[in-house]
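Report on one structure; see the data block that follows.
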Protein chains: 2
Amino acid sequence: MRRIAPALRREELINAAVTVIARDGIVAATTRAIASEAKMPLGAFHYVFDSRDELIAAVIDELMGRELGRALEGITLGGPRTVTQVLEAGLNGFIDWLTENPDLELALFELAFFAARTGTSGGMGAQYSAYYRASAALVAQAAVLGGVQWNEPVDRLARHLTALVDGLTTTWLADRDTAAAREFASLAASALATKVHPISHPQTTVTQEYSHHAH
Amino acid sequence: MRRIAPALRREELINAAVTVIARDGIVAATTRAIASEAKMPLGAFHYVFDSRDELIAAVIDELMGRELGRALEGITLGGPRTVTQVLEAGLNGFIDWLTENPDLELALFELAFFAARTGTSGGMGAQYSAYYRASAALVAQAAVLGGVQWNEPVDRLARHLTALVDGLTTTWLADRDTAAAREFASLAASALATKVHPISHPQTTVTQEYSHHAH
DNA sequence: GTCTATAAAATGATAGAC
DNA sequence: GTCTATCATTTTATAGAC
């Protein structure tokens with residue numbers, strides 16, 4: 001048949017793997033199932049990837065990129081003013097996405113634990129570093145839009161937010177109770193917002209002294 | 001050889017499965033690996049369980065029982081007085097256990113997602129029902145020890161607590177940052193404690209009226 | 001009842017024709 | 001470069017000797 005650019009084949013296999021893992025779970029993501037989903041012969045698989053683990057690692061990288069992109073968009077949508085409102089809006093936006101893509105979120109957890117067991121793609125650590133970065137973007141933006149400063153390092157708050165999002169996700173995946181999830185989002189936003197102080201009255205002993213006067 | 005009571009064999013296989021899953025992950029928990037761990041011939045496996053999935057379901061049930069037992073003990077340890085302190089002490093107790101049994105907590109997540117994919121043991125729902133019950137015990141006890149009442153149904157608060165514990169766990173499993181986890185425990189305890197009011201002054205229609213005047 | 005031996009199917013990876 | 005055919009393992013599950 002026609003020659004296909006290696007980069008394209010690689011992309012198609014990754015997308016096929018994402019589809020299979022989201023639909024049937026990582027256990028069902030065999031080389032045959034993935035190649036079949038990509039409408040490629042099995043032989044083409046090892047022409048692009050040396051091993052199955054190498055593909056799984058590529059899938060994690062791909063999904064982390066998407067996650068970051070998704071987190072960064074839609075944050076600046078006008079409306080909310082206070083830090084709590086911005087955070088809650090961000091979490092509710094995540095819930096909207098979660099309820100429409102539950103299988104993909106399930107897949108992300110499966111991939112994280114797979115990485116933890118096999119050491120693939122730097123273990124869970126690499127994946128959560130990406131989550132922390134995505135959360136840091138929201139945390140930082142919330143302070144800017146709310147016109148306040150954080151009392152704690154953004155990195156630490158980003159880790160807290162990641163934990164809150166994870167808990168929100170696992171419980172919703174288990175019981176699919178969206179109303180409860182939104183209530184938890186409210187609790188989570190308020191909890192983080194306690195770590196803030198007005199930008200006009202900077203505190204004394206705080207680690208961060210600078211100020212972001214946005215607009 | 002000697003005849004062994006079926007109930008004992010069953011128990012030994014379940015314990016062996018827990019060991020294997022915690023050590024090597026659920027993917028590595030093959031019938032051979034489990035039987036070998038239990039020092040039984042492979043043939044004995046299907047003498048007790050019809051299939052591998054049936055064993056996994058039994059493992060989930062077993063671990064949920066342990067989880068409930070663990071949650072209920074150690075709560076009444078004297079010391080903390082306020083609701084926040086009781087909750088934080090409970091969460092820190094969990095962190096102590098988590099840091100000593102990280103592989104088992106990893107296994108619990110793997111089992112939950114496995115159940116979600118296969119429908120084994122009632123899916124994730126059954127497992128999280130057990131978590132909710134365990135969390136409800138801590139939530140209820142915190143109010144009693146703190147001499148307060150909750151503004152929201154205990155079931156809802158128990159779900160919140162489960163989400164907080166889940167997020168605490170996943171992030172710690174990813175970065176093993178115990179100091180950060182304890183800080184998150186403090187945040188989580190304070191967040192839940194906002195849903196309380198003094199038992200001596202029951203409020204009327206209010207969702208939450210007073211708040212914490214952060215010094 | 002117990003356990004060895006084996007069946008039947010699935011999987012990751014490769015060889016080799018074109 | 002492409003893809004069919006196949007290897008070598010590993011898996012769940014069972015048959016059948018004792």
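Throughout, a chain's letter reflects where its sequence line sits, starting with A, and its residues are numbered from 1.
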Inset, instruction - Could you check whether the rings of A:F113 and B:F109 sit parallel, tilted or perpendicular, using 30° and 60° as the cut-offs? - result: parallel

Legend entry - Candidates C:dT2, C:dA13, D:dA13 - which lies nearest the side chain of A:S51: C:dA13

Legend entry - Greater than 12 external heavy atoms within 6.0 Å of A:E11's CD: no

Inset, instruction - Please determine if A:R159 and B:E183 form a salt bridge, counting it only when a charged side-chain N lies under 4.0 Å from a carboxylate O. - result: no

Inset, instruction - Give the rounded distance in Å between these two atoms: CZ of A:F45 and C1' of D:dG1. - result: 18 Å

Legend entry - Any A:R9 side-chain nitrogen or oxygen under 4.0 Å from OP1 or OP2 of D:dG1: no

Inset, instruction - Starting from P on D:dT10, measure out to CZ on B:R52 and report it in whole angstrom. - result: 16 Å

Inset, instruction - Check each residue of residues 13-43 of chain A for a non-hydrogen atom within less than 4.0 Å of any atom in DNA chain D, then write out the ones that pass by number, or none. - result: A:R32, A:P41, A:G43

Legend entry - Donor-acceptor contact present, side-chain B:Q85 to main-chain B:R81, <3.5 Å: yes

Inset, instruction - Answer yes or no: are there more than 12 heavy-atom neighbours, outside B:R10 itself, under 6.0 Å from its atom CZ? - result: no

Legend entry - Between C:dT4 (P) and B:H46 (NE2): distance, integer Å: 15 Å

Inset, instruction - Classify the side-chain pair B:Y131/B:D166 by whether it contains a donor and acceptor separated by less than 3.5 Å. - result: no

Inset, instruction - Using atom OH of A:Y47 as one end and atom P of D:dT2 as the other, report the distance to the nearest whole Å. - result: 5 Å

